Amino acid sequence: MNRIIIAMLLFFPCALNAQEKNEEKGIRNMDAILLVTFGTSDPEAKRAFANIEKLARDKFPGYEIRWAYTSEMIRKKLARKGEILLSPEEALSKLKEDGFKNVYAQSLHIIPGEEFHQVVMLSSKFKDSFDKLVISPPLLNSMDDVRKSVRIMLSKIPSDRRKEDAVIFMGHGSGKHPSDMIYVAAAYAIEKSDDNAFLATVEGNPTFDEILARLKEKKARKAYLLPFMSVAGEHAKNDMAGGEPDSWKSLLTKNGIESVPVMKGMAEHDEIVNIWLDHLEKTITK
Ligand code: CO
């Protein structure tokens with residue numbers, strides 16, 4: 001008998017879910033924040049996610065904070081390594097199962113593109129599952145967000161850069177989605193602030209070829225390359241700074257332009273994370 005009680009005492013605390021734990025601590029919170037990202041399989045890039053989570057916990061104490069990865073490819077890749085990440089749908093089902101009433105899903109995407117709209121579509125499927133389920137917009141949701149983000153990212157250019165050195169930010173781009181235009185808006189804001197700084201994208205507009213032509217026109221000899229993506233993951237490592245003949249670095253070298261890659265994702269900068277978290281705060285208090 002005693003042994004059973006001891007076993008129960010040992011086991012029971014682990015069986016408490018976060019909501020019950022909060023209730024025990026006197027916080028009656030049935031609110032959850034779901035951080036929804038494309039995802040990354042890069043252990044180094046994960047630093048950025050840890051940073052977002054830390055800042056979110058500081059800003060929203062008492063909230064349950066969970067993650068969802070929109071990229072099936074990345075979830076599968078991680079599952080093969082034994083790391084289980086949930087899709088937004090799975091994460092919402094789990095939150096429902098665990099009895100959360102209000103769920104605020106913060107999109108950690110850059111633009112309100114395909115991935116973001118998938119999450120928005122999901123929310124109608126779950127509308128009867130919660131008292132409240134709100135999807136909070138991604139980083140660049142207004143021209144003001146674009147200006148702010150660009151200002152922050154321009155301040156991250158290494159200080160040894162001389163005026164004549166070019167800078168190219170690598171955005172993802174989303175060629176088939178109307179939100180691709182936001183990258184063009186960001187490129188405009190960048191060039192307006194610094195006439196030797198540009199933005200090009202991997203899969204949309206502006207294209208790298210356009211920007212390479214501009215650099216050649218300007219007779220640039222050196223270019224700093226910075227990701228305009230949440231993490232310095234596969235695209236930054238391979239398409240931007242990799243050794244393959246079609247990487248930006250190789251294409252620049254081929255054109256006599258020395259390149260200096262800066263391997264730091266946007267989500268590693270607290271000021272950028274705070275834009276996402278400001279969106280979240282507005283969503284929660286609205
Ligand atoms: Co991609």
Side-chain angles (χ1 to χ4, degrees), residues 34-40 45 48-49 52 67-74 87-89 92 104-125 133-154 168-193 197-211 226-236 239-240 248 265-267 269 271-283 286:
L34 182 63
L35 299 172
V36 184
T37 168
F38 179 78
T40 183
F49 290 3
I52 296 175
W67 286 87
Y69 280 19
T70 47
S71 166
E72 195 186 348
M73 178 194 72
I74 288 182
S87 69
E89 183 160 12
L92 287 171
Y104 305 96
Q106 175 60 47
S107 156
L108 296 178
H109 301 102
I110 304 294
I111 55 163
E114 227 172 275
E115 305 269 330
F116 172 73
H117 283 104
Q118 277 167 17
V119 182
V120 173
M121 303 269 273
L122 250 189
S123 65
S124 61
K125 193 174 164 184
L133 169 62
V134 201
I135 315 296
S136 192
L139 185 70
L140 308 179
N141 198 48
S142 66
M143 199 58 204
D144 194 42
D145 291 338
V146 168
R147 280 190 209 101
K148 243 191 268 175
S149 302
V150 160
R151 203 183 316 127
I152 295 163
M153 292 312 292
L154 286 170
I168 310 175
F169 287 97
M170 176 188 256
H172 192 280
S174 184
K176 291 187 184 76
H177 198 279
S179 289
D180 191 50
M181 287 184 278
I182 295 173
Y183 287 107
V184 180
Y188 165 78
I190 288 170
E191 286 187 47
K192 232 177 110 180
S193 312
F198 305 91
L199 179 140
T201 63
V202 191
E203 290 173 24
N205 295 285
T207 64
F208 178 73
D209 288 349
E210 285 170 62
I211 301 308
L226 289 86
F228 199 80
M229 299 185 185
S230 58
V231 298
E234 298 288 328
H235 282 304
D239 305 324
M240 189 180 89
W248 291 10
M266 293 174 92
H269 303 301
E271 304 102 298
I272 293 284
V273 177
N274 284 331
I275 298 176
W276 274 306
L277 297 183
D278 285 345
H279 290 332
L280 180 55
E281 188 173 32
K282 263 187 217 141
T283 301
K286 180 161 74 185

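From a predicted model like this one, the values you see are computed outputs, not experimental measurements. Start at 1 with the first residue, then count along the sequence.
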With rounding to the nearest 0.5 Å, note down the distance linking [atom1] in [X] to [atom2] in [Y].
| X | Y | atom1 | atom2 | value |
| --- | --- | --- | --- | --- |
| Leu280 | Ile275 | CG | CD1 | 14.0 Å |
| Trp276 | Leu108 | CH2 | CG | 5.5 Å |
| Gln118 | His109 | CD | NE2 | 8.0 Å |
| Leu199 | Ile190 | CG | CD1 | 4.5 Å |
| Ser107 | Phe38 | OG | CZ | 12.5 Å |

Only distances under 3.5 Å count here; give the side-chain donor-acceptor pairs of residues 147-154 to other protein atoms, sequence neighbours excluded, each with its distance to 0.1 Å.
unit_1	atom_1	unit_2	atom_2	d
Ser149	OG	Asp145	O	2.8

Taking [Y]'s backbone N and O only, do any of them form a donor-acceptor pair with [X]'s side chain (distance below 3.5 Å, no angle check)?
| X | Y | result |
| --- | --- | --- |
| Thr37 | Tyr69 | no |
| Ser193 | Ala189 | yes |
| Gln106 | Val36 | no |
| Asn205 | Val184 | no |

**Study point:** Distance-only polar pair, side chains of His117 and Ser179, donor-acceptor under 3.5 Å
**Key:**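 Short answer, no.
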Exercise for review: Identify which one of Ile182, Asn141, Leu139 satisfies the side-chain contact (heavy atoms from CB on, under 4.5 Å) criterion when paired with Val146.
Suggested key: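 That would be Ile182; it is the only one of Ile182, Asn141, Leu139 passing the side-chain contact (heavy atoms from CB on, under 4.5 Å) with Val146.
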Exercise for review: For a side-chain contact (heavy atoms from CB on, under 4.5 Å) with Ile110, tell me which candidate from Met266, Glu115, His172 qualifies.
Suggested key: Met266
Determine the minimum heavy-atom distance between [X] and [Y], stating which atoms define it.
| X | Y | answer |
| --- | --- | --- |
| Ser174 | Asp180 | N-OD1, 2.8 Å |
| Pro227 | Ala236 | CG-CB, 4.0 Å |
| Val202 | Trp248 | N-CZ2, 4.4 Å |

Review point. Got more than 12 heavy atoms from elsewhere within 6.0 Å of CE, Met143?
Key: yes
Check your understanding: Heavy-atom count around Glu114 CD within 6.0 Å, excluding the residue itself: above 12?
Key ->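 No.
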Study note, to complete from the structure: Sorted by chain and residue number, the salt bridge (charged side-chain N to carboxylate O under 4.0 Å, His left out) partners of Glu210 (sequence neighbours excluded) come out as none
Check your understanding: Is there a side-chain contact between Phe49 and Val231 (heavy atoms, below 4.5 Å)?
Key ->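 When only atoms from C-beta onward are counted, Val231 and Phe49 do touch, with a gap below 4.5 Å.
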